[in-house]
Amino acid sequence: MNALAETTLKGIRVNAEPGTSPVRIDGQETIPALLRARCRENGDATAHREKDLGIWQAYSWTDYLNHVRLIGMGLRALGLGRGDVISILSEDNREWMYCDMAAQCMGAISSGVYTTDSASQLAYLVNDSQTKFLFLENEEQLDKFLEVEDQMPSLVKVIIFDPEGLHDFDNDKCIFLSDLYELGRQNDDEALFNAEIDAVTKDSIAVLIYTSGTTGNPKGVMLTQENIVAGMETSLYGLPFEKRAEQLCFLPLCHILERIVSLYTPLIVSSTVNFAESPETVFDNLREVSPHGFVAVPRVWEKIYSRVLVMAQESTLLGRWAFAQAIKAGEARAKYTMENEPVPSGVEMRYKIWDFLVLANLRRLLGMDRIQRGLTGAAPISPELLKWYHAIGVPLFEGWGMSETAGVGTINLPEANKTGTIGQPVPGTQLRIAPDGEIQVRGLNVFKGYLNKPEKTAEAFTEDGWMRTGDVGRVDNQGYVTITGRMKDIIITAGGKNITPAEIESRLKFSHYISDAVVIGDRRKYLSCLVMIDQENVEKFAQDHKVPFGDFRSLCRAREVLDLIQKEVDAVNKEFAQVEQIKKFRLIDVLLTAEDEELTATMKLKRSTVEKRHKALIDDMY
Amino acid sequence: MSTLLEVRNLETFYGPIMAIRGVSLKVEKGQVVTVLGANGAGKTTLLKTISGIMDPEKGQVIFEGEEIQGFEPHQVVRRGIVQVPEGREVFPLLTVEENLALGAYTRKDRAQIARDRDMVFSYFPILAERRAQEAGTLSGGQQQMLAIGRGLMASPKIMLLDEPSLGLSPLLTQEIFDILRRLNKDEGVTMMLVEQNAAVALDLADWGYVMELGRIVMADTAERLSASEDIQSFYLGHANEGSRGERRWKKRKTWR
């Protein structure tokens, strides 16, 4: 092993030069090895918490490794070999994490399935990955499996986490997690387990991340141990976590963002992960945990913002006045802090007073009183929203990354922040703009290829080995990157003009009333768009403006609501050239959920599906 | 058809708790409109706000073109809105006839009142049989009939019925709903019907609303509501047993 120069960052030993191989974190090159080292080192300290019957229960690092070992040895006894794939279909919980780690410890590959996926999608993922062992959260997910049981020949065993309601259930292929633990206990052999961990190399495939695939079938992104460890190394520079920090895990673990943040980052910094009870209780759990860092998608930040506004509006006259004053004071200060400029003492003083009177309480109420830094990614966020969070004393920064880059690719930092950009490339990642405007990256965190799709893999890389991100953008002279669109989504109007719809769409999405939009216009005379309204905010608007409505459909038909969206569209139109004007729009009058095919698991509209399913609405505009 | 009753953006509170969070709906003349919803959805609060027992924080109740929100209950009754309360609230120590007479206390025309009482007796012959009996000694179904009969005695333009099927046997429920149907068809009584028993309510109604947590989540003709998948699995108890035949979990509601 060549001896690379090392440095210590936040108390952790890493290569002095980020992005050089082999990447090592405190001397460990793989996740299993790092997990073992951390569990031994932290012993009885709390590794994670999960609610049981409404009470937070703590699990130590020792418990963590024990559970992982038992599952690993159990799977081995059932025939799991190196390079085999396991799939996990569950909401976030500690079992999810144990299984992911156990598979990696045994040299196998772990893949996540969204709980919102249908039975046929499950079958596709299992078959594409040739999954041998499938983990299911509960009865509900089990029924998905049973529906397509005969279509998945690769499966050896199915393991169910929660036996609730399944006491009479009998299927040769299915066992419960407790059975697997028991099997692990019977075959427990620490030396063997350690040998398995030691056999994992930096080039072993660690995980498969299926990209949500806005077009076609999902593609399995293969990430090696080194990809992820390199991603973790950059996290160390970019993510707001430190030793013993509290985190909240609530976004789907199948998604690279939460996977890196909640499963792998804690292995670097020994932070404590708290699993949210369910997607519905996130805001309560946030208040209970009060994390030190919070990473979320724009939708979540937007929801919290809307809640605060509603609370403020429903408070007393004095309360409303004080809130407005506090936000003003906060925004005055944010102007300086967001640019990393010194804050004039008068502005700082005024902020301190309002912080003491209002903002500190607000943060406590939200569960954000300990947050040192918030991070948003996976979709564009409105600059006004970023500013608002800075104003209330929650410094929120935007980053960018994709499954193919094992998480973070570029990031804004407190000391290097430019609002409206996705920040500078993280240490260890190189980024360039191709002549056609495409953003291309290179680094140890860049993936090895798509599973079973050599032609897609070939398409993803340039001849000189850079990865095509598919995003179009620019870099300014200080190195800040701005994304303007997607390569594939370029619209060519009947007039022959090239238009990148993503830029217009993200401007539309910045409106509080618009949750997502799809701009249409390929081979058409002019641009139009389909809008998915933000139910809560538009309902609030209707209620405040005495617009009668019944269900969602009638809300979407209300004249005043259409006028409201028209106003938002007009405002966006002003920022774009003549050919990029949106001439007409229609609202999607069905309240879409993550189970609907039109939405990705992160609640983004899928262009191709939307165009197909709502063809009538589109044709109506031309 | 013309709109008899319209509710717009109604918000009603119990102390700090917002029980109705912006409800808008319409009842056309001669129609039966049903409001479905689970416990705590805000159905009864909605009726109470319409009939003046509770005051809304925001929004309007428009009856025959006049805004009546915040009116006292007796003023609302005089305009022709009568609520038949939940749980058969009859006066137990008064006789059937006295109960019926109380229903007509806003009216002066004795001959018309007598005619209406005969009409009530023709629809509910059992009440005629027991006209001198104390209401408290009637059976549950008979008390419900009496409560409806008492409501009819006000010669209402619209009846607000709060769970007429509550605590009644299926047979009695059917009987009462048959009578409600005849009252609607023959006498042209407009009704707004709050029910948990979605099957009978949708069978009777022309139009339905589904309330959840103080909001309307679905509005459609009763026929289309009955055909909706969510209504079938959450209100009509059509279970999809799944491949194991003992499915416990419910899919998420989408209200389409």
Side-chain angles (χ1 to χ4, degrees), chain A residues 115-116 118-119 136-150 160 162-171 174 278-280 310 314-315 535-536 538-555 557-558 560 588-596 599, chain B residues 3 6-13 16-18 20-27 33 35-36 56-62 67 69 207-221 224-225 228-231 240-256:
Chain A
T115 52
T116 49
S118 65
L136 300 172
E137 182 181 13
N138 51 22
E139 199 199 358
E140 176 174 356
Q141 305 304 345
L142 172 66
D143 280 353
K144 273 183 202 165
F145 157 74
L146 292 174
E147 209 176 300
V148 286
E149 187 179 2
D150 50 352
I160 305 160
D162 184 1
E164 182 89 21
L166 294 169
H167 301 294
D168 293 332
F169 177 68
D170 191 22
N171 182 312
C174 302
S278 74
E280 290 81 39
V310 170
E314 282 168 4
S315 89
Q535 185 196 13
E536 240 171 82
V538 173
E539 272 182 353
K540 174 117 186 61
F541 163 85
Q543 196 52 26
D544 289 345
H545 292 80
K546 303 196 163 101
V547 182
F549 64 96
D551 54 0
F552 189 71
R553 205 181 326 146
S554 70
L555 181 68
R557 291 209 179 128
E560 292 84 347
I588 298 176
D589 64 359
V590 189
L591 188 58
L592 297 172
T593 64
E595 275 91 355
D596 285 302
L599 289 184
Chain B
T3 303
E6 187 178 355
V7 170
R8 280 196 195 172
N9 302 81
L10 210 61
E11 282 182 15
T12 306
F13 285 75
I17 295 157
M18 204 201 265
I20 301 194
R21 315 159 69 88
V23 163
S24 303
L25 52 80
K26 274 183 186 178
V27 182
V33 168
V35 179
L36 305 175
E57 188 75 22
K58 255 194 209 166
Q60 291 108 38
V61 178
I62 299 161
E67 285 194 25
Q69 72 275 6
W207 190 270
Y209 293 92
V210 180
M211 268 182 95
E212 182 139 294
L213 298 174
R215 282 229 160 98
I216 304 266
V217 291
M218 249 180 137
D220 218 323
T221 63
R224 277 201 288 265
L225 283 184
S228 138
E229 211 176 288
D230 275 352
I231 296 289
N240 175 356
E241 291 287 316
S243 42
R244 283 179 299 114
E246 49 177 39
R247 182 169 122 174
R248 281 166 62 253
W249 58 278
K250 295 237 181 219
K251 69 176 186 63
R252 277 168 207 88
K253 299 170 193 171
T254 56
W255 304 125
R256 318 188 172 142

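The sequence lines fix the lettering, A, B, ..., with proteins before strands; numbering per chain opens at 1.
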Peer 1: Which answer fits L555(A), side chain, backbone, both or neither, if we ask what part of it has an atom under 4.5 Å from a heavy atom of chain B?
Peer 2: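 Looking at L555(A), nothing touches chain B.
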Peer 1: Looking at every heavy atom in both R553(A) and D220(B), which two are closest together, and how far apart are they?
Peer 2: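 Here R553(A) and D220(B) meet closest at NH2-OD2, 4.0 Å.
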Peer 1: Could you grab the distance from atom OG of S24(B) to atom NZ of K546(A), nearest 0.5 Å is fine?
Peer 2: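 So the gap between those two atoms works out to 12.0 Å.
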Peer 1: Just verifying a value: how many Å separate F549(A) CZ and R215(B) CZ, rounded to the nearest 0.5 Å?
Peer 2: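 Rounded to the nearest 0.5 Å, the CZ-CZ separation comes to 5.5 Å.
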Peer 1: Counting only non-hydrogen atoms closer than 4.5 Å, does E164(A) touch chain B with its backbone (N, CA, C, O), its side chain (CB onward), both, or neither?
Peer 2: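 For E164(A), the contact with chain B is made by backbone and side chain together.
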Peer 1: To the nearest 0.5 angstrom, please state how far the CD atom of E57(B) sits from the CD atom of E314(A).
Peer 2: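 Nearest 0.5 Å value for the CD-CD distance: 10.0 Å.
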Peer 1: Would you check, one step at a time, whether the test side chain to side chain contact (heavy atoms under 4.5 Å, CB included) holds for R21(B) with E539(A)?
Peer 2: CA-CA 10 Å; R21(B) 315 159 69 88; E539(A) 272 182 353; over 6 Å; no
Peer 1: Where do D551(A) and V217(B) come nearest, in terms of heavy atoms and distance?
Peer 2: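 Scanning both residues completely, I find the closest heavy atoms to be CB-O, 3.2 Å.
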Peer 1: Under a 4.5 Å cutoff for heavy-atom pairs, which residue among L592(A), V547(A), L591(A) has the most contacts with chain B?
Peer 2: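 Most heavy-atom pairs within the cutoff with chain B belong to V547(A).
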Peer 1: Is the number of heavy atoms from other residues, nucleotides or ligands under 6.0 Å of K58(B) NZ greater than 12?
Peer 2: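 Yes, enclosed.
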Peer 1: Counting only heavy atoms closer than 4.5 Å, note whether N171(A) contacts chain B via side chain, backbone, both or neither.
Peer 2: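 No part of N171(A) comes within 4.5 Å of chain B.
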